[in-house]
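Okay, structure first, notes after.
Chain letters run A, B, ... following the sequence lines, proteins first and then strands; every chain starts at 1. Basis for what follows: all heavy atoms, side chains included, without hydrogens, waters or symmetry-related copies.
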Amino acid sequence: MQNFGPKYVYENIEKPLLPILTEMERRGVLVDTNQLGQLSQEFATRMATHENRIFELAGEQFNVNSPKQLGEILFDKLKLDLGKKKKRSTNVEVMELLAEQGHDIANEVLAYRSVAKLRSTYTEALSQQVNPKTGRVHTSYNAVGAATGRMSSSDPNLQNIPIRTEDGRKIRHAFIAPQGWQLMSADYSQIELRLLAHFSKSKGLQEAFLQGVDVHAFTASRVFNVELPDVTSDQRRIAKAVNFGLVYGMGATSLAKQIGTTRVEAQEYIGRYFTRYDGVKDYMEANKQFCRDHGYVETLFGRRIHLPTIHSNNGGLRAGAERAAINAPLQGSNADIIKLAMPKIEQALQQGGYKTRMLMQVHDELVFEVPQEEVKKVQPLITNLMENAVKLEVPLKVEAGLGTNWEDAH
DNA sequence: TCTCCATACC
DNA sequence: CAGGTATGGAGAC
């Protein structure tokens, strides 16, 4: 076993990865430009409909894409107001509050915005970046695009292709496999929470993963003191927000906002979480202290994330660094693990004589083009390599899906 | 060309 | 917006 540290990360993780990223960029991903073109038209029509309704409700025409002009319409002309607390922002949060108060114009703005984003960034911009000869888009990966060790992707960014909404999934549907091939998506399930269970040595959290149960439901059963089968969907929703938020170093205020309750109640959930998952609180405090002592935090393999503002006199900056000190080792270790798995997979595919090709990496997911006849062999091969890339105190789980397009592969 | 705002993803 | 990103449009310069 070698000594982990920055040198190890460079020699054993980053260096072997680079030629593979080059190959993935060169291969590109097949995109159905006809689908994108049709979508673009559909979105344009819907944008016009929402825009006209906005003009009617506003009593005049203006540029809806301009937050400045929109703010003048909403807050000056129509005198919409959310009390002294909120400023003149026109973001989702404010628009949703206005919509709740019965202001239809806010709903129209939200509808317009979501379609406009999908059209400008995806159906329009993406189509233009497809190589007309090959029908493929070729992204550019930055191996160390993020300070945590995550990669980034640009021109086009393939790591933020929509998936959340029905309209968004229509864009993912246009990422396709060639005739006779399938797209296979393989993603690590709950990897950051598994890493938290590993690092914190929390027996409670580890138990969820060792038992192989739904970790959010398991957390709910712990926090709400009910048997696993009796967990309600609302309890699970809250537990999921707590699990998710804790990984970000979240406080009671933001959790309260997220789950729509009071700060006091949110604090109560966090307290119960730390009681039931012994070790998690200590782990987080230890990370903050390590950061104060060294000025950086470390990932599983010793990648360093420098956080100089941990010593700032500015309380906001300091608090931000403390949250990052909790999150960065989890996010960065995830990056270490998938980056370690990628060359192993490439090598195994080559040695096995497979035509299957790795095309994309989306932080905890790898996407492949697989000839139909290789699916049965390659799916378990890749899943096993990913799951066994490292040995932790809890198992890693990979979920793989197949389809003729990226949407169906999930 | 740059910053700000808003919003897409993990 | 709670951790990490990239991008498009508006508007200032």
Subject >> A:H363, nearest nucleotide to its side chain (from C:dT5, B:dA6, B:dC10) >> reply: B:dC10
Original post:
Of the nucleotides C:dG3, B:dC9, C:dT7, which has the atom closest to the A:R323 side chain?
Top reply: C:dG3
Original post:
Roughly how many Å is it from CD in A:E399 to C1' in B:dC10, rounded to a whole number?
Top reply: 15 Å
**OP:** Look at all strands and tell whether A:I161 reaches a base, only sugar-phosphate, or nothing, counting heavy atoms closer than 4.0 Å.
**Re:** sugar-phosphate
Original post:
Base, sugar-phosphate alone, or nothing: which one does A:R150 contact when heavy atoms must sit under 4.0 Å apart?
Top reply: base
Original post:
Which of the following nucleotides, B:dC10, C:dG11, B:dA8, is nearest to the side chain of A:I163?
Top reply: B:dC10
**OP:** Considering only NZ, NE, NH1 and NH2 on the basic side and carboxylate oxygens on the acidic side, decide whether A:D278 and A:K203 come within less than 4.0 Å.
**Re:** no
Subject >> Residue pair A:A325 / A:N287: nearest heavy atoms and the distance that separates them >> reply: O-ND2, 3.5 Å
Original post:
What nucleic acid atoms does A:G249 come within less than 4.0 Å of, heavy atoms only: base, sugar-phosphate, or nothing?
Top reply: nothing
Original post:
What is the distance from OH of A:Y112 to P of B:dA6, rounded to the nearest Å?
Top reply: 15 Å
**OP:** Salt-bridge test for A:E346 and A:R27: reply yes if a basic N is under 4.0 Å from a carboxylate O, no otherwise.
**Re:** yes
Original post:
Between A:Y277 and A:Y283, does the ring centroid distance fall short of 6.0 Å?
Top reply: no
**OP:** Please measure how far the P atom in B:dT3 lies from the corresponding atom in C:dA2, and state the result in whole Å.
**Re:** 24 Å
**OP:** Remember a base hit wins even if backbone is also touched, and classify A:N63 as base, sugar-phosphate or nothing at under 4.0 Å, heavy atoms.
**Re:** sugar-phosphate
Original post:
Between C:dT7, C:dA10, B:dC9, which nucleotide has the shortest distance from any of its atoms to the side chain of A:S154?
Top reply: C:dT7
Subject >> Cation over ring face, A:R169 and A:W406, 6.0 Å, 45° >> reply: no
Original post:
Checking all strands, does A:L330 fall into the base, sugar-phosphate, or nothing category for heavy-atom contacts under 4.0 angstrom?
Top reply: nothing
Original post:
For A:N157, which contact category applies under a 4.0 Å heavy-atom criterion: base, sugar-phosphate, or nothing?
Top reply: sugar-phosphate
Subject >> Nucleotide of B:dA8, C:dG3, C:dG11 approaching A:S114 most closely (side-chain heavy atoms) >> reply: B:dA8
Original post:
What's the CG-C1' distance between A:L118 and C:dT7, to the nearest Å?
Top reply: 13 Å
Original post:
Which nucleotide sits closest to the side chain of A:A146: C:dA12, C:dT5, C:dT7?
Top reply: C:dT5
Original post:
In whole Å, what is the span from the OH atom of A:Y122 to the P atom of C:dG9?
Top reply: 13 Å
Subject >> B:dC5 phosphate, OP1 or OP2, under 4.0 Å from A:S89 side-chain N/O >> reply: no
Subject >> d(CD, A:Q361; C1', C:dG4) in whole Å >> reply: 13 Å
Original post:
Are the ring of A:Y248 and the six-membered base ring of C:dG3 within the stacking cut-offs of under 5.5 Å and under 30°?
Top reply: yes
Original post:
Nearest-Å distance, CZ (A:R113) to C1' (B:dT7)?
Top reply: 9 Å
**OP:** Classify the angle between the aromatic ring planes of A:F290 and A:H294 as parallel (below 30°), tilted (30 to 60°) or perpendicular (above 60°).
**Re:** parallel
Original post:
Nearest to the side chain of A:N91 - C:dA6, B:dC10, B:dT7?
Top reply: B:dT7
Original post:
Nearest to the side chain of A:S120 - C:dA2, B:dC10, C:dG8?
Top reply: C:dG8
Subject >> Length of the line joining A:E124:CD and C:dG9:C1', which is rounded to integer Å >> reply: 14 Å
**OP:** Kindly point out which of B:dA8, C:dA2, B:dA6 is positioned nearest to the side chain of A:Q258?
**Re:** C:dA2
Original post:
Which nucleotide sits closest to the side chain of A:Q69: C:dG11, C:dA2, C:dT7?
Top reply: C:dG11
**OP:** Would you mind reporting whether A:V367 and A:M184 have side-chain heavy atoms less than 4.5 Å apart?
**Re:** no
**OP:** Would you indicate what A:A116 reaches in the nucleic acid, counting non-hydrogen atoms under 4.0 angstrom: base, sugar-phosphate, or nothing?
**Re:** nothing
Original post:
OP1 or OP2 of C:dG4 less than 4.0 angstrom from a side-chain nitrogen or oxygen of A:T148, does that happen here?
Top reply: no
**OP:** Tell me what A:A328 touches on the nucleic acid: a base, only sugar-phosphate, or nothing, going by heavy atoms under 4.0 Å.
**Re:** nothing
Original post:
Could you state the CD-P distance from A:Q190 to B:dC10, rounded to the nearest angstrom?
Top reply: 13 Å
Original post:
Considering heavy-atom distances to DNA chain C, does A:V92 or A:T121 have its closest nucleotide positioned more toward the 5' end?
Top reply: A:V92
